[in-house]
Amino acid sequence: MTYDTLIRRACIVDGTGADTYVADIGIRGDRIVAIGDLAAGLASQVIEAEGRYLAPGFIDVHTHDDSCAIQQPEMLPKITQGVTTVIVGNCGISASPVNVTGEVPDPMNLLGEADAFFTTFGDFAQAVDAASPAVNVAALIGHTTLRAAAMDRFDRTATDSEITTMRESLRKALQAGAIGLSSGLAYTNARQSTSEEVKALVEVVGKEGGLYATHMRNEREALFEAMDEAFETAAHGKVALVISHLKCADVENWGKTEHAIEKLEQAAARQPCNCDCYPYAACSTTLDLWRVSEAFDILVTWSKPHPEMGRKLLKDIAAEWAVDLTEAARRLMPAGAIYHNMDEADVRRVLAHPLTMIGSDGLPSDPNPHPRLWGSFPRIIGHYCRDEGLFGLPEAIRKMTSMSAARFGLADRGVIREGAFADLTLFDFDSVRDGASFLEPTTPAIGIEWVMVNGRLSLVDGTVKARAGRLLRRPGSLANAGHEPHSVPAH
Ligand code: ZN
Ligand code: CU
């Protein structure tokens with residue numbers, strides 16, 4: 001039997017949560033075609049993998065890589081972690097469909113300047129295809145982006161005719177291959193929308209197919225009410241729900257994950273729902289006055305009017321200017337920040353739960369990014385699995401692969417089996433770890449030996465050798481007609 005690539009004697013952790021086993025893997029084209037003892041097989045490329053673990057390429061379910069995939073297609077922060085697919089368009093902000101001129105509204109500015117945005121999803125899809133990123137990309141459509149396209153101001157709920165406009169552009173995007181809707185209801189520019197406004201959009205997702213991911217209205221004192229709103233909204237459209245970065249922010253709310261997890265479990269018994277989580281007790285987003293607090297450290301990462309204040313603590317900037325924190329924040333905005341506002345016990349409780357997938361929520365446009373951008377996935381394996389024993393290796397990998405592929409509808413990915421796409425990551429379990437820290441946020445991970453995307457060796461020795469990623473269009477979308485996964489070659 002001949003293969004394009006033969007991987008020998010890898011310890012396979014297949015993504016399903018099953019026990020690991022040692023085998024050879026044969027790859028032809030972009031698919032795994034054989035698993036077992038392939039000692040008699042011939043291949044143009046043979047890779048010895050004895051003593052290392054081979055996993056499905058990791059799926060980063062929560063990213064803001066919309067424009068990164070186009071402008072920095074090597075996708076280094078992700079592929080160096082073993083990530084082979086990113087879900088973009090989270091937290092209500094997507095790069096399409098919207099036409100932005102001038103100042104980009106908060107928090108869409110997390111994606112970049114006006115040139116990061118596209119009038120239609122088709123234009124965005126074309127730009128991704130043309131850029132040929134190193135990892136696969138699947139895209140949600142953001143509620144705040146739809147608002148920016150349909151409304152002249154954000155400080156009110158949408159009118160009926162604006163809702164009609166948003167529904168139509170969402171429908172078109174879903175038909176062109178977008179995989180669902182996201183919202184960011186906590187943000188100033190989405191907060192004034194009612195549940196009814198969001199439900200009207202989720203209805204469209206229910207009809208066309210896709211899921212609903214939400215950065216909820218509240219992750220603090222009203223966390224439980226916000227969860228109820230999310231469950232109800234998704235149920236209204238009969239769509240699957242992903243609660244983004246489930247957390248309890250601010251000291252007064254620490255410990256609430258215990259009940260939040262209970263609520264998630266109860267909801268999961270009646271409707272499809274999961275959450276995602278990143279492995280750090282600090283969050284990062286734009287700087288906004290209502291987020292400012294004296295109770296925890298706030299690190300400013302960027303500021304439009306005061307770029308020189310990046311990497312400084314808000315309290316130090318305030319002291320330097322002899323003003324209070326709020327006034328300092330006001331002068332710095334638009335700006336980005338890291339907020340050390342979570343409790344490690346909450347983070348662990350959410351990470352460990354079987355309904356939780358891993359998503360980095362990394363911000364690639366940030367000059368001083370939160371280390372989750374470069375470190376989340378190796379940190380799950382090295383720190384939380386190996387060093388802390390929070391979960392076993394098969395379960396750690398399941399949270400980053402098969403569960404994610406199933407929930408986001410990524411056919412034949414997230415699992416090692418015959419017929420699946422050859423998205424693969426080989427790592428050394430003893431040495432794998434995150435390299436990025438709050439002080440050195442862009443240091444690549446250690447211990448990821450190589451990464452394969454769609455059958456092509458793409459990262460070797462920390463260097464990108466190929467950019468074989470694809471835009472993954474929603475199965476069943478009109479645009480997918482010519483892109484249906486081809487049948488598995490015979491072997
Ligand atoms: Zn968010
Ligand atoms: Cu996010």
Side-chain angles (χ1 to χ4, degrees), residues 11-20 53-63 78 81-87 90 135-136 138 211 213 240-247 257 260-261 264-265 267-268 272-281 342 344-362 371-410 412-417 420 423-427 429 432-434 445 447-448 451:
C11 189
I12 294 169
V13 45
D14 73 2
T16 65
D19 288 344
T20 59
Y53 283 90
L54 187 70
F58 307 143
I59 298 171
D60 189 347
V61 298
H62 190 116
T63 85
K78 293 304 161 68
Q81 294 183 61
V83 169
T84 57
T85 299
V86 296
I87 308 292
N90 276 282
V135 304
N136 302 305
L211 81 164
L241 173 71
V242 175
I243 293 180
S244 298
H245 41 61
L246 180 59
K247 65 164 87 72
T257 51
I261 289 282
L264 183 66
E265 284 173 351
C273 56
N274 295 84
C275 68
D276 65 58
C277 184
Y278 48 81
Y280 299 87
M342 282 179 256
E344 175 69 19
D346 282 320
V347 175
R348 286 173 185 239
R349 197 173 288 124
V350 176
L351 281 178
H353 196 271
L355 288 170
T356 304
M357 301 173 284
I358 306 305
S360 71
D361 203 4
R372 65 194 185 186
L373 174 66
W374 286 79
S376 289
F377 291 81
R379 184 171 169 81
I380 289 290
I381 307 174
H383 180 67
Y384 282 111
C385 168
R386 183 196 56 219
D387 298 347
E388 299 288 313
L390 192 59
F391 25 59
L393 184 61
E395 175 65 1
I397 300 297
R398 186 182 75 89
K399 290 172 166 299
M400 321 200 289
T401 57
S402 75
M403 192 186 345
S404 321
R407 175 49 74 226
F408 285 83
L410 311 176
D412 298 339
R413 298 196 191 264
V415 60
I416 293 181
R417 61 161 162 72
D423 289 349
L424 299 166
T425 289
L426 189 80
F427 62 91
F429 186 66
V432 71
R433 66 174 179 86
D434 49 316
I448 304 291
V451 180

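Treat the numbers as computed from the prediction; the structure is a model and nothing was measured. Below, all heavy atoms of this structure are taken into account, side chains as well, without hydrogens, waters or symmetry copies.
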Centre of Tyr280's six-membered ring, under 6.0 Å away, within 45 degrees of the axis: is that where NZ or CZ of Arg372 sits?
no

If you take all heavy atoms of Val135 and Thr84, which pair is closest and at what distance?
CB-O, 3.4 Å

Which residues share a side-chain contact (heavy atoms from CB on, under 4.5 Å) with Ala268, sequence neighbours left out:
Cys273, Leu355

Who passes ring-ring contact (aromatic ring centres under 6.0 Å, His included) against Phe391, sequence neighbours left out?
none

Pick from Ser360, Ser376, Ser404: which one makes a side chain to side chain donor-acceptor pair (under 3.5 Å) with Asp60?
Ser360

Hey, could you give me each pair passing salt bridge (charged side-chain N to carboxylate O under 4.0 Å, His left out) that has a residue in residues 374-385? Not counting sequence neighbours.
Arg379-Asp434

Show, in sequence, the C-alpha distance, side-chain angles and deciding distance for Leu351 and Ile358, and conclude whether the side-chain contact (heavy atoms from CB on, under 4.5 Å) test is met.
CA-CA 8 Å; Leu351 281 178; Ile358 306 305; 3.8 Å; yes

Under a 3.5 Å distance rule, please check whether Thr356 uses its side chain to pair with a backbone N or O of Cys275 as donor and acceptor.
no

Pairwise distance CG(Leu373) to OH(Tyr278) - rounded to 0.5 angstrom:
13.0 Å

Mind jotting down which residue pairs meet the salt bridge (charged side-chain N to carboxylate O under 4.0 Å, His left out) criterion with at least one end in residues 381-390? Sequence neighbours excluded, please.
Arg348-Glu388

Begin with the C-alpha distance, continue with both residues' side-chain angles, and end with the deciding distance and a verdict on side-chain contact (heavy atoms from CB on, under 4.5 Å) for Asp346 and Lys247.
CA-CA 7 Å; Asp346 282 320; Lys247 65 164 87 72; over 6 Å; no

List the residues meeting ring-ring contact (aromatic ring centres under 6.0 Å, His included) with Tyr53, not counting sequence neighbours, and say none if there are none.
Phe427, Phe429

List the residues meeting side-chain contact (heavy atoms from CB on, under 4.5 Å) with Val242, not counting sequence neighbours, and say none if there are none.
Leu211, Ala213, Asp276, Met357, Arg407, Phe408

